[in-house]
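Scroll down for the structure; my scribbles are underneath it.
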Number of protein chains: 2
Amino acid sequence: MRLKPEHHLAFFYARTGFLHNIKPIERQTLHLKIVDRLREMIEHGDIAPGAKLIEKDLCESFAVSRTPMREAIRALAAEGLVVLTPNRGACVATITEAQILESFLVIGALEGLAGELAAPRITEAQLDDVRSMHTSMLERHAANDLDGYYIYNRQIHDAIFEIADNELLKEMRRIVFNRTIRLRFIARIADDEWQVAIKEHEEMIVALEARDGPQLGAILRRHLESKRVQIARWLQRQPSA
Amino acid sequence: MRLKPEHHLAFFYARTGFLHNIKPIERQTLHLKIVDRLREMIEHGDIAPGAKLIEKDLCESFAVSRTPMREAIRALAAEGLVVLTPNRGACVATITEAQILESFLVIGALEGLAGELAAPRITEAQLDDVRSMHTSMLERHAANDLDGYYIYNRQIHDAIFEIADNELLKEMRRIVFNRTIRLRFIARIADDEWQVAIKEHEEMIVALEARDGPQLGAILRRHLESKRVQIARWLQRQPSA
DNA sequence: GAGCTTAATTTTGTATACATTATTCTGTAA
DNA sequence: TTACAGAATAATGTATACAAAATTAAGCTC
């Protein structure tokens, strides 16, 4: 049966257990290092959404005591990557279909602003870089290499945020991404949607060359709206669970 | 001498010290309660930007041990309200003029999206509520009551985010506000700017009545841009430090 | 007194111990 | 078997103890 929007995408619920092949962590400011490692593992799906984080297991896996581990978990909870329940510990945050679609609206607003700011500021050198990424992206598309395509696609969007030169804006994007990034490891684009995305990227280059902020902002908002619709369709296609 | 954009608004640097008149904290899930209290104190300016958070002092003030206090500080650091330096503890985050202006750009993007989403969704009952807040706001303006004006102004903007019905969007706004809220306790609006703000609010009501999302979004982006310019002027006017 | 070196103190970072709350297991009754 | 009660276990929550780093103070030279 199909998942309702209010249902979770965490299809399985796993106890953490002892995790193998974990690099040891150097002493001092442990909690920051643990935060990075746990975030990486959560984003990469090594720890499933909804999985409970058992302090003891994680401590043994990382070979640290509970003090820095708890500090790390609290920090991740403040970021929204983990959910705390009093006296019942922490779970990896789950995300509903509705929340995924919500997040694309927010990312659209952020990318739109990034575009508005970036276009008037871009230097010739930066423009060359973006053009080069764009060319590489087209090559990956021609080779039907979706993973490669995504890498360059991501580079272009990252570059726009860099050029926009607004630290808070980048930070907000990072936070939103943190909560939806797992999806990018599974969602595949359809061919016709891919064509549209390419076309929108062409328009972005034109707007950048024209240093037209409002125009680039509008294109990016439209681009993210396309992605949102694409994800919505992909979720529709998913077979159940 | 004037502060350069890269200089901090934290004009004084205070050691925490024992804080008096602190309500005791009930046991269990202490760190969450401490987070709330510390956040409140930081936002209200009871602990100055740049002030170092001495664990021992804070623990004595709140009558808790270092464990939950450290967890709380780590959580606040993840929110960006506090800055950690390895082996040197935590300071209340400072904010530069440039960062303040950056934050208004981001808030503008978020409010713009909120407007786009809210206008097509608003019910007659909700519209009546907003109209009522708007009327109250106008009254406070007529009475030259700036504090009262800000309360209703805030209510209207909150209402638009509520009607937009996007949890992540609200969360992002909360995070951005957390980092700039201290400013709202000091920045005063000039009379002509006040007039402009009122006019923009009138337009917002019209767009809401027309259920015109793009229009409301545009107005809100412009409204926040006005605020940004207003804050920039206010910062210019500040006598030095 | 200024500037440096070094010891004393303070503060942060980590590990462990104890208290409290959840969860699981076991045995019994229907 | 199912349902429940209560004990046993395990997990989280908090406090304290110890280690390492940073800061401050003291002493010394010039």
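Here is how names work: the chains are called A, B, and so on, in the same order as the sequence lines, proteins then strands, and each is numbered from 1.
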In whole angstroms, the gap separating P of dA10(D) from CD of E60(A) amounts to 12 Å

Atom NE2 of H31(A) and atom P of dT12(C) are separated, to the nearest Å, by 14 Å

R88(A) side chain near dT23(C) phosphate (N/O to OP1/OP2, under 4.0 Å):
yes

To the nearest angstrom, the CZ-P distance between R70(B) and dT16(D) comes to 16 Å

Would you call R39(A) and D36(A) a salt bridge, using N to O less than 4.0 angstrom? yes

Would you say E60(B)'s side chain and D57(B)'s backbone share a donor-acceptor pair under 3.5 angstrom?
no

Rounded to whole Å, the NZ-P distance (K56(A) to dA17(C)) equals 15 Å

**Prompt:** Taking E111(A) for the side chain and G108(A) for the main chain, is one N or O donor matched with an acceptor at less than 3.5 Å?
**Reply:** no

Between CD of E71(B) and P of dT12(C) the distance, given in whole Å, is 16 Å

note: E55(A), atom CD; dA15(C), atom C1'; distance rounded to Å ~ 14 Å

> Does R121(A) reach the main-chain N or O of I163(A) with its side chain, forming a donor-acceptor pair under 3.5 Å?
Replying inline: yes

Terminal axes of the helix from dG1(C)-dC30(D) to dA30(C)-dT1(D) (5 end pairs apiece), angle rounded to 10 degrees, sit apart by 0°

Side-chain contact check for I54(A): nearest option of dA11(D), dT14(D), dA22(C) is dA11(D)

P68(B) has its side chain closest, among dT14(D), dT12(D), dG13(C), to dT14(D)

Self-check item: Side-chain donor/acceptor contact of R66(A) with base of dG13(D) under 3.5 Å
Solution: yes

Looking only at dT14(C), dA22(C), dG13(C), the nucleotide nearest the T67(A) side chain is dT14(C)

Okay, side chain of E193(A), backbone of A190(A): is any donor-acceptor separation there less than 3.5 Å?
-> yes

From CG of N87(B) across to C1' of dT11(C) the rounded distance in Å is 10 Å

Between CG of L32(B) and C1' of dT12(D) the distance, given in whole Å, is 13 Å

If only atom types and distance count, is the side chain of T29(A) paired as donor or acceptor with the main-chain N or O of L32(A) below 3.5 Å? no

Report task. Decide yes or no for V229(B) and F104(B): does some side-chain heavy atom of the first lie under 4.5 Å from some side-chain heavy atom of the second? Result -> no

